[in-house]
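Hydrogens, waters and symmetry mates play no part in the numbers below; they use all other heavy atoms, side chains included. Treat the numbers as computed from the prediction; the structure is a model and nothing was measured.
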Amino acid sequence: KSITKKILSEEPNKLFEKEVREVMDEPFPMVSENTPLTLIATLLQYFQAVLVVNNGKVEGIITNSDLITTWISEY
């Protein structure tokens with residue numbers, strides 16, 4: 001999302017000359033596999049995704065569409 005905004009607001013050639021740290025956002029929050037979905041839903045109000053980590057290794061990524069899919073399958 002951030003890169004798309006920058007592409008639309010700057011000349012693409014200038015954007016590709018920048019270093020990653022100049023265009024990157026804060027990292028996504030990380031949670032364990034046992035984190036309640038209610039907490040993840042709260043985090044997704046502020047972040048585009050939440051990383052699921054197990055023993056220091058990213059095992060998955062959760063987005064709003066995942067929550068919607070889970071909710072639909074429950075009801």
Side-chain angles (χ1 to χ4, degrees):
K1 183 176 177 179
S2 298
I3 291 177
T4 303
K5 283 182 182 179
K6 295 207 185 287
I7 287 172
L8 294 173
S9 66
E10 297 183 28
E11 290 183 41
N13 291 339
K14 289 183 180 180
L15 179 65
F16 294 118
E17 293 173 0
K18 294 185 176 193
E19 294 182 5
V20 171
R21 68 175 169 218
E22 295 178 74
V23 296
M24 69 183 207
D25 281 340
E26 293 295 316
F28 295 133
M30 295 184 222
V31 299
S32 74
E33 297 172 330
N34 301 322
T35 303
L37 284 179
T38 53
L39 177 56
I40 293 170
T42 300
L43 289 169
L44 287 171
Q45 291 179 25
Y46 303 97
F47 299 93
Q48 292 180 332
V50 175
L51 302 177
V52 180
V53 179
N54 185 13
N55 293 324
K57 181 179 176 188
V58 175
E59 296 288 336
I61 184 168
I62 300 174
T63 64
N64 277 313
S65 67
D66 296 312
L67 285 184
I68 292 168
T69 302
T70 300
W71 182 77
I72 288 172
S73 67
E74 294 283 324
Y75 298 97

> When rounded to the nearest 0.5 angstrom, what is the spacing between CG in Leu43 and CG in Leu37?
Replying inline: 11.5 Å
> Under 4.5 Å between side-chain heavy atoms, hopping through other hydrophobics if needed: is there a path connecting Met30 to Phe47?
Replying inline: no
>> Quiz question: by atom type and distance under 3.5 Å, do the side chains of Thr63 and Asp66 form a donor-acceptor pair?
In response: yes
> Taking it one step at a time, do Val50 and Ile61 satisfy side-chain contact (heavy atoms from CB on, under 4.5 Å)?
Replying inline: CA-CA 6 Å; Val50 175; Ile61 184 168; over 6 Å; no
>> For the CD atom of Glu17 and the CD atom of Glu10, what is their distance to the nearest 0.5 Å?
In response: 10.5 Å
>> So, taking the atom named OG in Ser32 and the one named CG in Leu51, what distance separates them when rounded to the nearest 0.5 Å?
In response: 12.5 Å
>> I'd like to check Ile40 versus Val31 (side-chain heavy atoms, cut-off strictly below 4.5 Å). Are they in contact?
In response: yes
> When rounded to the nearest 0.5 angstrom, what distance separates NZ in Lys5 from CG in Asp25?
Replying inline: 8.0 Å
> Should Trp71 and Leu67 be regarded as members of a common hydrophobic cluster, given that ILVMFWY residues are connected when their side-chain heavy atoms come within less than 4.5 Å of each other, either directly or indirectly?
Replying inline: no
> When rounded to the nearest 0.5 angstrom, what is the spacing between CD1 in Ile68 and OG in Ser73?
Replying inline: 12.0 Å
> What distance separates Asn55 CG from Glu33 CD, expressed to the nearest 0.5 Å?
Replying inline: 8.5 Å
>> Any side-chain to backbone donor/acceptor pair from Glu22 onto Glu19? Under 3.5 Å, distance only.
In response: yes
> Which pair of heavy atoms, one from Ala49 and one from Pro29, lies closest together, and at what distance?
Replying inline: O-CD, 3.5 Å
> Is the closest side-chain heavy-atom distance between Val52 and Ile62 below 4.5 Å?
Replying inline: yes
